[in-house]
Amino acid sequence: LQLYRAGLAYRKGAPVNWCPDCQTVLANEQVENGACWRHPETTVVQRQMEQWFLKITAFADALLEDLDLLQGWPERVKIMQRNWIGRSQGADLHFTVESKPNVKITVFTTRVDTVFGVSYLVLAPEHPLVRELTTDECRESVEKYLEQSSRKTELERQMAEKVKTGVPIGSHVVNPFNGDIVPIWVSDYVLMSYGTGAVMGVPAHDQRDFEFATTFGLPVKEVISPTGQPSGELKEPYLDPGIMINSGSFNGLTSEVAKKKMIDWAAENQSGAPRVQYRLRDWLISRQRYWGCPIPLIHCSQCGVVPVPDDQLPVRLPVEGIEITGEGGSPLARLKSFIEISCPQCGGQASRETDTMDTFIDSSWYFLRYADPHNEKLPFTKDRVNYWMPVDQYVGGVEHAILHLLYARFFTKALSRLGLLDCKEPFSNLLSQGMVTKFSPTSGRIEKMSKSRGNVVGTTDFFKRYGADAARLFTLFASPPEQELEWSEEGAIGQYRFLGRIWRLVSDLTARGCIDADAVDPDPALVDATGKALLKLTHKTIKAVSQDLDPSCYGFNTAIARCMELVNGLYKYVSEKTTGDALTVTEHERQLLSFSIRNLLLLLAPMAPHICEELWHLTGHARQPDDSIHRAAWPAYIDAFTIDDEIELVLQVNGKIVSKVTAPRGLAQPDAQSLALNDAKIQSKINGQSVRKVIVVPDKLVNVVI
RNA sequence: GCCGAAGUGGCGAAAUGGCAGACGCAGCUGACUCAAAAUCAGCCGGGGCUUACACCCCGUGUCGGUUCGACUCCGACCUUCGGCACCA
């Protein structure tokens, strides 16, 4: 209602997308390849209907420009939104009808510079002036053409392989720039829903116009040439900028300069005006579905559309008396007790709107409720929302790039304009995660997991057998988060095995008394070489996992791999300390094991929360029964312990690896160089040839160039 | 057609311009077991050579370039995937 009162929600009759399967209309964003997003097999048809729209186009510029503020969004999502919004800068030009000087046809063009090359003008079949301007001689063929094209579905129009069809309507227009008189045609390659539904035809400089003119033998007049000289007969349209020719006083200018001057000229001569056109259309939100939020408006024959008074909000979806017939259409429209209502303004008989709102309405602002979840009177208050918003880190699938993510941005901007909140954008950082895919028996291909494709994995069964932690670890481990992920039972079982390894390790060490939750951190000077290696491995793991989990990286897959390495290291250490069945450890070794295990659990806890919590308690770290590992501090590492004293120096000749030697860390360059040059393998490679250069990368490699 | 992303073992993948294949799956071998499962330990890019240890060559979609050195940077191409598509 707030949007309605602000003029951002309106009702209008328009050709809309209709899914015969859902028996409802759909938004443009919900039509994929000419089919319904819920029913890929069902072709969407066009229907003329009165429907509710939200004025998302009023925010087209802001939605486009503010994409630049979204530094934390993946570029591909921003590009998809830019394309969807589709900003085109150009001008409206007015062409006067020759026989009716008071009637003007306005076209939108981005190429004013080509206007001297206009050889015809085309109207969309749905253009309101088509019938008015059709002459008697042409009436029959035009009516036939209109009838044909109205029978085409959107999909057929797309599938028509772009073969140009059309008929002349008999009238002519005058080119405001040069007085040329050119014929008007009607053709369905021009869309009523974009621009003005009328296009100036410039065959020499537009691919579609060229095809159209070639098909119907219309003149091709070159007005921009790469050289400034006429090119003779054109075999294909010239689309690039160039030098103006055949264009009166604009001749000789570059087309880019001419474009600006010509728009100015049109404006001065009342023949046009600069304009920006968007591809984005207003958001059709009416649905003839039962499951949805009722649209809180009342239709009164006297007063027109009247909002449901505030004290009667929200309008709840009725449950009593609803009949699901399976015949389609909304059951609400058949429920008299819901429809019949007296008009809040005049008290007369009126009826409720029976359409419900698109599901995407709800997802466009649900997150605001999280800022103020216990408010009984309002959905949210401004100060709470201003405190929490924007969302620091949003996560969602790419499939929402131009649906949810665009709508939510629009809602935030609209609510901001209404003064209900202050932020410009809802989500500062967006992690666009890949979809989960799996082989689909329905299609015989690997597809995104969904009920309709019959490739869903029952989580309950999987959790019962292997646990939620295993499923969670697998989805994190199988690929980086923004990449697609193919579900694999074997892979998930691998994670189950990994968790089993941890469980046995920790519970066994605990049973043997090797874990002490109160132990102080181990002193590296007091453990043996094996112990030192484990201590270093632990510190390295803390460092690496901390970096991997940082929002700048989100490398969950590598973070888990690090934890696996630490577990492998722990197993190795334990086996080296075990003789027969007996594991005996010194106090220092107990400290070491306690330290290593404690940190392993802390590092893994975000990714395998249940088992880590369980082991946290088992190892005595929870002082109170309700203590949680998830409230414990994130582990810290000591950088000095992540650095090895000895490194392996790679020795190369001409960039090819010849040998590897262990060397003390921090070896000076000349020492490293002589170490390499004295190496026997390097010597035999050099074999008397002259050494031109030696490149030393400290603590990494030496490359001898011969 | 336009825009974008990606091509690395049998598979999922890893690698601030510096040891390609970490980690895991599958596979193979051994230990344990009457046996199997589970578990534990080991092997595991391709080719050549060797009794063996070793050693040699090739290898990150293709072709070029930059560089002492390229999976990584640059150019062209090929393929796959995703988005948009008669948008004037």
Side-chain angles (χ1 to χ4, degrees), chain A residues 32-33 74-84 86-88 90 107-111 114 122 124 157-158 160-165 187-191 193-202 205-209 211-212 277-281 398-399 401-402 434-435 446 473-474 477-480 482-495 497-498 500-501 504 544 555 557-568 571-572 574-575 578 648-660 681 692-706:
Chain A
E32 295 170 357
N33 298 320
E75 203 53 40
R76 66 170 166 161
V77 172
K78 293 197 272 185
I79 288 167
M80 280 164 75
Q81 292 211 355
R82 273 190 203 107
N83 291 343
W84 188 259
R87 184 181 200 270
S88 290
V107 302
F108 174 75
T109 181
T110 55
R111 295 295 305 273
T114 65
V122 203
R157 265 197 180 189
Q158 280 177 30
E161 289 298 321
K162 287 153 194 164
V163 172
K164 299 288 177 290
T165 59
S187 170
D188 64 7
Y189 86 87
V190 174
L191 309 172
S193 50
Y194 186 79
T196 61
V199 166
M200 62 182 207
V202 186
H205 304 291
D206 182 277
Q207 186 65 42
R208 296 145 305 176
D209 296 349
E211 288 164 17
F212 190 79
Q277 170 73 39
Y278 297 94
R279 212 192 71 103
L280 183 71
R281 324 266 173 81
V398 224
E399 68 271 23
I402 49 177
M435 291 180 288
I446 292 166
L473 273 190
F474 173 71
F477 180 72
S479 68
E482 63 279 0
Q483 228 171 83
E484 247 178 31
L485 148 78
E486 192 187 338
W487 176 263
S488 140
E489 179 110 3
E490 293 76 32
I493 292 170
Q495 298 304 313
R497 274 205 287 267
F498 169 55
R501 256 168 92 74
R504 285 186 294 275
N557 53 339
T558 47
I560 293 167
R562 304 282 178 215
C563 292
M564 288 171 166
E565 286 178 280
L566 179 56
V567 170
N568 292 345
Y571 264 87
K572 200 173 163 194
V574 169
S575 87
T578 305
E648 197 173 52
L649 203 60
V650 175
L651 306 182
Q652 297 182 329
V653 171
N654 287 355
K656 290 201 167 195
I657 296 151
V658 172
S659 178
K660 297 168 191 174
K681 282 181 185 166
R692 294 173 53 185
K693 204 186 206 179
V694 179
I695 287 150
V696 180
V697 182
D699 293 336
K700 278 213 174 120
L701 64 78
V702 180
N703 186 15
V704 179
V705 185
I706 59 173

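Just so we're clear, the structure is a prediction, and the values are computed from it rather than from any experiment.
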For [N], which nucleotide is its Watson-Crick or G-U wobble mate, given both distances must be under 3.5 Å?
N     : value
B:G64 : B:C74
B:A20 : none
B:A38 : none
B:G69 : none
B:G10 : B:C25
B:C84 : B:G1
B:A52 : none

Below 3.5 Å, does any donor atom in the side chain of [X] face an acceptor in the base of [N], or the other way round?
X      : N     : result
A:Q652 : B:G18 : yes
A:K693 : B:C68 : no
A:K700 : B:C19 : no
A:N703 : B:C68 : yes

Taking any heavy-atom pair under 4.0 Å as a contact, classify [X]: base, sugar-phosphate, or nothing.
X      : value
A:G86  : nothing
A:L701 : base
A:R87  : nothing
A:I79  : sugar-phosphate
A:F498 : nothing
A:R497 : sugar-phosphate
A:D209 : nothing
A:D206 : nothing
A:R82  : nothing
A:K78  : nothing

Check against salt bridge (charged side-chain N to carboxylate O under 4.0 Å, His left out), A:R82 and A:E75: CA-CA 10 Å; A:R82 273 190 203 107; A:E75 203 53 40; 3.6 Å; yes
Taking 4.0 Å as the cut-off, does a side-chain nitrogen or oxygen of [X] come that near to OP1 or OP2 on [N]?
X      : N     : result
A:K572 : B:G42 : no
A:R501 : B:C40 : yes
A:N568 : B:G24 : yes
A:Y571 : B:C40 : yes

Toward the 5' end of RNA chain B, by each residue's nearest nucleotide, A:K681 or A:E32: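 Looking at RNA chain B, the more 5' nearest nucleotide goes with A:K681.
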How many Å lie between [atom1] on [X] and [atom2] on [N], as a whole number?
X      : N     : atom1 : atom2 : result
A:N654 : B:G69 : CG    : C1'   : 10 Å
A:I493 : B:A38 : CD1   : P     : 10 Å
A:E482 : B:G4  : CD    : C1'   : 15 Å
A:Q277 : B:A88 : CD    : C1'   : 9 Å
A:F212 : B:A88 : CZ    : P     : 18 Å

Using the [atom1] atom as the point on both nucleotides, what is the distance between [M] and [N], in whole Å?
N     : M     : atom1 : result
B:U29 : B:G9  : P     : 25 Å
B:G1  : B:C71 : C1'   : 32 Å
B:G65 : B:A70 : C1'   : 11 Å
B:C78 : B:U66 : C1'   : 23 Å
B:C40 : B:U33 : C1'   : 13 Å
B:C49 : B:C57 : C1'   : 11 Å

Aromatic plane relationship, A:F474 with A:W487 - under 30° parallel, 30 to 60° tilted, over 60° perpendicular: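 Aromatic pair A:W487/A:F474 classed perpendicular.
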Distance in Å, A:S488 OG paired with A:Q495 CD, rounded so as to fall on 0.5 Å steps: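 Separation between the atoms: 10.0 Å.
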Euclidean distance, A:T110 OG1 relative to A:Q277 CD, rounded to 0.5 Å: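 Output value for this atom pair is 10.5 Å.
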Can you figure out which of [options] approaches the side chain of [X] most closely?
X      : options             : answer
A:N83  : B:C3, B:C55, B:A88  : B:C3
A:R279 : B:C3, B:G4, B:A85   : B:A85
A:M564 : B:A88, B:C23, B:C19 : B:C23
A:V705 : B:C19, B:G83, B:C68 : B:C68
A:A561 : B:A88, B:A20, B:A22 : B:A22

Side chains of residues 697-705 of chain A: which donor-acceptor pairs under 3.5 Å do they make with residues two or more places apart or in other chains?
{"unit_1": "A:D699", "atom_1": "OD1", "unit_2": "A:G666", "atom_2": "N", "d": "2.8"}
{"unit_1": "A:D699", "atom_1": "OD2", "unit_2": "A:G666", "atom_2": "N", "d": "3.4"}
{"unit_1": "A:N703", "atom_1": "OD1", "unit_2": "A:N654", "atom_2": "N", "d": "3.3"}
{"unit_1": "A:N703", "atom_1": "OD1", "unit_2": "A:G655", "atom_2": "N", "d": "2.9"}

Between the protein and nucleotides 44-49 of chain B, list every N/O to N/O distance that falls short of 3.5 Å.
none

Anti/syn call for B:G48, syn if |chi| within 90°: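 B:G48: anti glycosidic orientation.
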Geometric cation-pi criterion A:K164 and A:Y189, 6.0 Å radius, 45° cone: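 The answer is yes; both the distance and angle limits are met.
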Check the interface with nucleotides 6-15 of chain B: list each N/O to N/O pair with the protein under 3.5 Å, or write none.
{"unit_1": "B:G12", "atom_1": "O2'", "unit_2": "A:A478", "atom_2": "O", "d": "2.5"}
{"unit_1": "B:A13", "atom_1": "OP1", "unit_2": "A:Q483", "atom_2": "OE1", "d": "2.8"}
{"unit_1": "B:A14", "atom_1": "OP1", "unit_2": "A:N557", "atom_2": "ND2", "d": "3.0"}

